[in-house]
There are 2 protein chains.
Amino acid sequence: MKLSKTEEQLMQHLWKLQKAFMKDILEQYDEPKPATTTIATLLKRMTDKGYVSYTTFGKSREYYPLIKKEDYFSNHLNGLIKNFFNDSASQFASFFTKETNLSDTELKELRKIIDQQLKDNNQ
Amino acid sequence: MKLSKTEEQLMQHLWKLQKAFMKDILEQYDEPKPATTTIATLLKRMTDKGYVSYTTFGKSREYYPLIKKEDYFSNHLNGLIKNFFNDSASQFASFFTKETNLSDTELKELRKIIDQQLKDNNQ
DNA sequence: ATTTTACCTCTACATTTGTAGAATTAAATT
DNA sequence: AATTTAATTCTACAAATGTAGAGGTAAAAT
């Protein structure tokens with residue numbers, strides 16, 4: 001089952017912290033912070049969905065993500081691509097480079113990555 | 001207001017068809033097709049949200065999207081990037097080229113686009 | 001003209017999501 | 001030891017979402 005928007009946001013914090021107690025999580029939020037119980041509810045739901053687990057330390061828990069950000073995102077992206085670009089990553093890539101305003105430096109960086117990829121592919 | 005997953009799917013059909021009567025839309029769906037009333041409900045909600053409009057033809061309507069797929073997607077993508085890559089499109093780009101398995105041809109195509117972009121940027 | 005079909009509106013209802021109070025408990029502080 | 005604090009579970013509830021039946025009507029087919 002997928003995470004909702006708000007749950008995803010919480011995941012971001014967990015990914016960042018790796019391991020976190022309730023208070024660490026709360027700290028991550030900007031003012032006005034959500035109620036502790038709100039976070040608790042979200043964490044429980046996320047645990048049920050299989051995205052989060054925790055180690056019990058005395059009365060409280062240290063939460064951690066069960067899925068890597070990269071993996072989660074990868075799926076996400078594939079869904080997006082499938083949905084919007086008939087499953088064609090290259091079509092997406094072209095769209096992407098046109099639509100996002102990358103600076104020259106960023107474009108060059110990206111080209112470097114591509115060249116590296118090409119090299120890797122061919123030996 | 002954003003579209004939900006199912007509404008987005010319907011949008012895809014509208015984007016594809018440009019203009020569509022109920023039956024044209026229904027046709028787009030695979031078996032088992034949703035009930036007409038389901039689509040009708042979605043269309044009404046989407047109209048309320050400002051994503052869809054229609055021309056009345058006698059008793060029925062020809063629906064059409066009010067937002068271009070590119071624009072919708074662009075926003076979408078920016079949200080994603082902001083969320084997952086601290087607002088850094090280049091970080092995203094690098095992730096993207098690594099994670100999606102683009103073929104050599106696709107990579108080369110992409111590089112061409114980048115070069116073009118670079119040229120355009122520097123006029 | 002009568003029946004069938006297509007499509008619209010209204011209503012409904014279960015599920016998911018966003019948010020949080022109340023009650024409880026264990027740990028920390030005074 | 002008594003009180004305060006932090007965290008958990010339970011319960012709640014409104015809004016959004018997915019799905020569709022009932023009922024009505026205009027257009028099309030017989």
Side-chain angles (χ1 to χ4, degrees), chain A residues 1-14 17-67 72 75-76 79-80 83, chain B residues 1-14 17 19-65 67 72 75-76 79-80 83:
Chain A
M1 206 191 302
K2 234 187 78 60
L3 295 175
S4 78
K5 235 13 177 193
T6 337
E7 290 167 344
E8 236 171 54
Q9 211 178 317
L10 211 174
M11 270 313 261
Q12 294 288 349
H13 294 142
L14 283 184
L17 299 170
Q18 281 320 327
K19 285 158 175 285
F21 290 97
M22 176 58 82
K23 73 184 186 66
D24 305 321
I25 296 173
L26 250 280
E27 243 169 48
Q28 298 290 307
Y29 282 84
D30 291 328
E31 232 52 74
K33 291 175 191 300
T36 320
T37 50
T38 301
I39 302 298
T41 304
L42 292 175
L43 284 169
K44 183 186 260 303
R45 288 179 187 166
M46 289 159 84
T47 303
D48 290 346
K49 288 182 181 178
Y51 286 93
V52 168
S53 189
Y54 53 80
T55 322
T56 308
F57 273 81
K59 53 75 190 250
S60 64
R61 303 164 173 179
E62 190 171 45
Y63 297 93
Y64 56 88
L66 283 179
I67 183 175
Y72 181 82
N75 291 345
H76 222 230
L80 253 197
N83 235 318
Chain B
M1 204 191 303
K2 237 186 74 61
L3 294 175
S4 78
K5 236 12 179 193
T6 337
E7 290 167 343
E8 234 172 54
Q9 211 178 315
L10 211 174
M11 269 314 260
Q12 294 287 351
H13 295 141
L14 283 184
L17 299 170
K19 286 158 174 282
F21 290 96
M22 176 58 83
K23 73 184 188 64
D24 305 320
I25 297 173
L26 251 280
E27 242 170 48
Q28 298 291 306
Y29 283 84
D30 291 328
E31 233 50 76
K33 293 177 191 297
T36 320
T37 51
T38 301
I39 302 298
T41 304
L42 291 176
L43 284 169
K44 182 186 261 304
R45 288 180 186 164
M46 291 160 83
T47 303
D48 290 346
K49 289 183 181 178
Y51 286 93
V52 168
S53 189
Y54 51 80
T55 320
T56 307
F57 273 81
K59 51 76 189 247
S60 64
R61 303 163 173 180
E62 189 171 45
Y63 298 93
Y64 57 87
I67 183 175
Y72 181 82
N75 292 344
H76 222 230
L80 253 198
N83 236 318

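Hydrogens, waters and symmetry mates play no part in the numbers below; they use all other heavy atoms, side chains included. Since the structure is predicted, the reported quantities are computational estimates derived from the model, not experimental observations.
- Residues from residues 27-41 of chain B that place a heavy atom under 4.0 Å from any atom of DNA chain C, listed by number: B/Thr37, B/Ala40.
- Applying the side chain to side chain donor-acceptor pair (under 3.5 Å) test to residues at least two apart or on different chains, the pairs with a partner in residues 32-49 of chain B are B/Glu7-B/Lys49.
- B/Arg45 contributes no side-chain N or O that forms a donor-acceptor pair with the base of C/dT9 under 3.5 Å.
- Using a 4.0 Å heavy-atom criterion, one finds that A/Tyr63 contacts the sugar-phosphate atoms exclusively.
- The nearest whole Å value for the distance from the CE atom in B/Met22 to the P atom in D/dA20 is 13 Å.
- Judged by closest nucleotide on DNA chain C, B/Lys44 is the one of A/Glu7 and B/Lys44 placed further toward the 5' end.
- Atoms CD1 (B/Ile25) and C1' (C/dC8) sit 13 Å apart, rounded to a whole Å.
- When each of B/Val52, B/Thr55, B/Leu17 is paired with B/Tyr63, the side chain to side chain contact (heavy atoms under 4.5 Å, CB included) condition holds for B/Val52 and for no other.
- Here CD1 of A/Ile39 is found 5.0 Å from CG of A/Leu10. Values are rounded to the nearest 0.5 Å.
- Atom CZ of A/Phe21 and atom P of C/dA28 are 11 Å apart (whole Å).
- One can place CG of B/Leu3 at 12 Å from C1' of D/dT17, the figure rounded to the nearest angstrom.
- Between C/dT16 and A/Ser4, no contact under 4.0 Å exists linking OP1 or OP2 to a side-chain N or O.
- In this structure, the CG atom of B/Asp24 is 13 Å from the P atom of C/dA6, given to the nearest Å.
- Across C/dC7, C/dT19, C/dT9, the shortest atom-to-atom separation from the side chain of A/Leu42 is found for C/dT19.
- The distance from the OH atom of A/Tyr51 to the CG atom of A/Leu66 is 10.5 Å, given to the nearest 0.5 Å.
- Taking atom CZ of residue A/Arg61 and atom P of nucleotide D/dA6, one finds them 18 Å apart after rounding to whole Å.
- In this structure, OG1 in B/Thr56 is found 10.5 Å from CD in B/Glu62, a value given to the nearest 0.5 Å.
- Residue contacts for B/Lys49: at a heavy-atom cut-off of 4.0 Å it reaches the sugar-phosphate backbone alone, with no base atom in range.
- To the nearest 0.5 Å, atoms CD (A/Glu8) and CG (A/Leu42) are separated by 12.5 Å.
- The separation between A/Lys5 atom NZ and C/dT19 atom P is 14 Å, rounded to whole Å.
- For the pair B/Leu43 CG and C/dC10 P, the interatomic distance rounds to 15 Å; values are reported in whole Å.
- Within the structure, ring-ring contact (aromatic ring centres under 6.0 Å, His included) contacts touching residues 20-42 of chain A (residues at least two apart or in different chains) are A/His13-A/Tyr29, A/Phe21-A/Phe57.
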